[in-house]
**Q** 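Input: one structure, supplied below.
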Amino acid sequence: MKDNRIVERDVDNADIRINAKGVNVFYGDSHAIKDVSVDIPANAVTAFIGPSGCGKSTFLRCLNRMNDTISICRVTGDILLDGEDIYDKRVDPVQLRAKVGMVFQKPNPFPKSIFDNVAYGPRIHGLANTRAELNEIVESALRRAAIWDEVKDRLDAPGTGLSGGQQQRLCIARAVATAPDVLLMDEPCSALDPIATAQVEELIAELAENYAVVIVTHSMQQAARVSQKTAFFHLGSLVEFGETGQIFTNPKDPRTESYITGRIG
Amino acid sequence: MTPLVNPPRKSIHQIDARTKKRNAAEARFKAYGLAAITLGLFFLVVLFTTIIKSGLPAFTRTAVAVEMTLSPADHAAAEKQLMKTGAYQKLFVAAVQQQLRIDATDDAIQRLLGKVGGDIRAFYKENPSMIGKAHVFTLSASSRVDAYLNGKLTRETLVDSRFMQLSDLDLVDGLVDAGIIQSTFNWGFITGADSGVDNPGGAGIGASVVGSFYMMLVVLVLSLPIGVAASIYLEEFAPQNKFTDLIEVNISNLAAVPSIVFGILGLAVFIQFMHLPQSAPLVGGLVLTLMTLPTIIISTRAALKAVPPSIRDAALGLGASRTQAVFHHVLPLAMPGILTGTIIGLAQALGETAPLLLIGMVGFVARGYPTGLLDGFTEANSAMPAQIYTWAARADSAFYDKAWGGIIILLAFLIVMNIVAIILRRRFERRW
């Protein structure tokens, strides 16, 4: 994953996981997201790029209704997960978030043991009936997050005692353990050093084989390296959305071109 | 705009005037701080030495120890008297006379004794088999003998009165030499109940310790769950609007309401309106709960606020409900702060006197321990600070020593509670 070359990647557009149409987000009176429509494909990485404050994180948090925790936040438009409206009255956001997992900017393991960190999701969702099943889930989640070999001998050690990169992979393992369909990542590498970043990026590519991954990033190189689809946000609007290769080599909108060549943002 | 010009270069080995001034200001500020701490420590030392010096006499007891044999005939005769305890007292005086080698009038011996007749009568009531057998009674001397042996009363300061005459002091010296008057550790002060106003030697704080314990039990059982639940609701679930703002302001104000106001509220609501028993630890506990709640709510909310929001996000992002996020992650992390606030609130309540005066928990209501475990809540009793207040207000100066001694016991309890708070905080503290 170390090469920065941009290659044309084939994406199966037929398999759409999340379908967002005309989404608007308001924080009180301010209009944070303006009429955004995006299709998130399954088994691929979709990157959201854009300058700070352009609304890409806000939009990401709409996809698993994390914005519900902010009382003044209001969302209009349709966001469909596998054809079902996630803002429907019948949807319990708690159930939704089990299907749409999230990894945050700053690694935030619980101040508990590594095992308990990963086992928390399966426990509250009742995914394991026996201790052996739980052990299996934890191991496979840690393996999937490429951290098993580093922590297998100290599962009882506190998760907060790991290094920053390990903590972030632990958080990814924790998100993976609840068996989500979609994995949202909000600048997962911004607090990590280049080596840890490379490990996490490699991991993202592997995760895309099983999940629809959406990643918000400040680093255009990162978007180019890991994603198949890229969305460029500016001032709350979606400026351009397309194949990553096309966005970085042949952007249609002059604003996208200015941003990726470093003139705005 | 004037162009910026670099000032001429100066050696960094030379300290310029501005830096000197700054360093001087810093040194001054440190000196002020040090002076403040020294002054504080000095007053603390003065406070503790005064309390211990004045309070220690309460823990020793000057007692008159004499062997006495009560014949069945005497017992029957005393029980027939109108003043039964007086009759027993006379019998004891006679027993002292028997062992005395110097001449003394009965009245003089009487003056040296506390009101001991009741103790003797109670002893034979409990052990009727001892009638006719010899038994060594160790009974309180009068408070003036106490003061004489403690050095508070001297031959020079003594004023002849019906309580004590100069010749009595010779008698005391003789009795001390004979080993009849002796100083012993006063277990009765720690375990006993309050005595009558004329018997300071028999006064103990034990019953009011039990009263305080029952009150604290009520306070803990009510204020901790209510306070923590209210804080969790306000901090994690309640919408932010004018109404919750109003509640918040009112809770902060409640913490500053004088305790006597809570006392009169308790009197009006719990006793006059709800007809709960007067002077009962249950009512005292309810009043103190009202007082403690704001303290617990404020400290619990501060502890909940201090938990990083990333922990809540992490739990919610995994599909935990809000309640799960709070009870699985936020509350355990806030626990040290909650415990500290609770114990500070309890310590405050333990030392509170004013509201207890209004609901009738002043001293001299409990002559003994509560009869049953549950009766401890409803039977009239006192609490430590109220007992101390009562003693300090009594005429006999020997009660003054008792008040200081009571303060030592109260402080010991507070120190224990603080140590418990520190230990609990250490145990629950986790880093993230």
Side-chain angles (χ1 to χ4, degrees), chain A residues 57 60-61 63-72 92-113 116-127 141 158-161 167-168 170-180 183-186 191, chain B residues 230-249 300-340 424-432:
Chain A
S57 285
L60 187 77
R61 291 167 70 92
L63 299 181
N64 69 345
R65 293 185 58 175
M66 279 298 272
N67 284 338
D68 286 15
T69 58
I70 303 160
S71 57
I72 55 164
D92 188 330
V94 168
Q95 222 174 326
L96 171 73
R97 288 182 202 132
K99 282 182 156 305
V100 184
M102 187 153 194
V103 176
F104 297 85
Q105 182 172 0
K106 223 181 108 205
N108 55 356
F110 299 127
K112 297 179 186 238
S113 73
D116 285 341
N117 260 285
V118 182
Y120 183 67
R123 271 186 186 139
I124 58 170
H125 297 299
L127 299 182
T160 41
Q167 283 188 17
Q168 193 62 298
L170 175 63
C171 292
I172 293 171
R174 189 175 62 184
V176 167
T178 58
L183 207 51
L184 308 178
M185 297 183 158
D186 193 354
Chain B
S231 318
I232 289 176
Y233 179 73
L234 284 173
E235 198 58 47
E236 305 284 339
F237 296 99
Q240 289 291 311
N241 56 29
K242 288 239 169 68
F243 183 63
T244 46
D245 284 350
L246 190 75
I247 290 177
E248 241 169 81
V249 170
T300 302
R301 292 191 65 184
L304 291 173
K305 262 199 191 102
V307 175
S310 65
I311 296 290
R312 290 181 188 87
D313 281 352
L316 293 179
L318 281 176
S321 68
R322 272 197 177 206
T323 318
Q324 284 174 328
V326 169
F327 283 96
H328 295 166
H329 300 291
V330 179
L331 200 59
L333 289 174
M335 219 51 201
I338 294 173
L339 286 174
T340 312
L424 285 177
R425 195 166 51 203
R426 287 268 162 81
R427 175 160 292 181
F428 280 97
E429 211 153 55
R430 271 179 282 189
R431 280 168 196 88
W432 57 83

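Letters A, B, ... mirror the listed sequences (proteins, then strands); counts begin at 1. The shown structure was predicted, so the numbers you read here are calculated from the model rather than taken from an experiment.
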**Q** Quick one: closest heavy-atom pair of B/His328 and A/Ile124, and the distance?
**A** CE1-CG2, 3.9 Å
**Q** Closest approach of A/Phe110 and B/Ala314, non-hydrogen atoms and distance?
**A** CE2-CB, 3.8 Å
**Q** Between A/Val100 and chain B, which part of the residue has a heavy atom less than 4.5 Å away: side chain, backbone, both or neither?
**A** backbone
**Q** Could you tell me whether B/Phe243 atom CZ has more than 12 heavy atoms of other residues or ligands within 6.0 Å of it?
**A** no
**Q** Out of curiosity, A/His125 NE2 to B/Gln324 CD, how far, rounded to the nearest 0.5 Å?
**A** 7.5 Å
**Q** Would the A/Tyr120 and B/His329 ring centres measure less than 6.0 Å apart?
**A** yes
**Q** I'd like to know which of B/Ser321, B/Ala320, B/Gly319 tops the heavy-atom pair count under 4.5 Å against chain A.
**A** B/Gly319
**Q** Are the side chains of A/Arg61 and B/Asp313 in touch, meaning some heavy atoms are under 4.5 Å apart?
**A** yes
**Q** Would a 4.5 Å heavy-atom cut-off, applied to side chains only, mark B/Arg322 and A/Thr69 as touching?
**A** yes
**Q** Listed by chain and number, what are the side chain to side chain contact (heavy atoms under 4.5 Å, CB included) partners of B/Arg312, not counting sequence neighbours?
**A** B/Glu236, B/Val307, B/Pro309, B/Val330
**Q** When rounded to the nearest 0.5 angstrom, what distance separates CG in B/Leu316 from CZ in A/Arg65?
**A** 12.5 Å
**Q** List the atom of B/Ile311, the atom of A/Pro111, and the distance in Å for their closest heavy-atom pair.
**A** CD1-CD, 3.9 Å
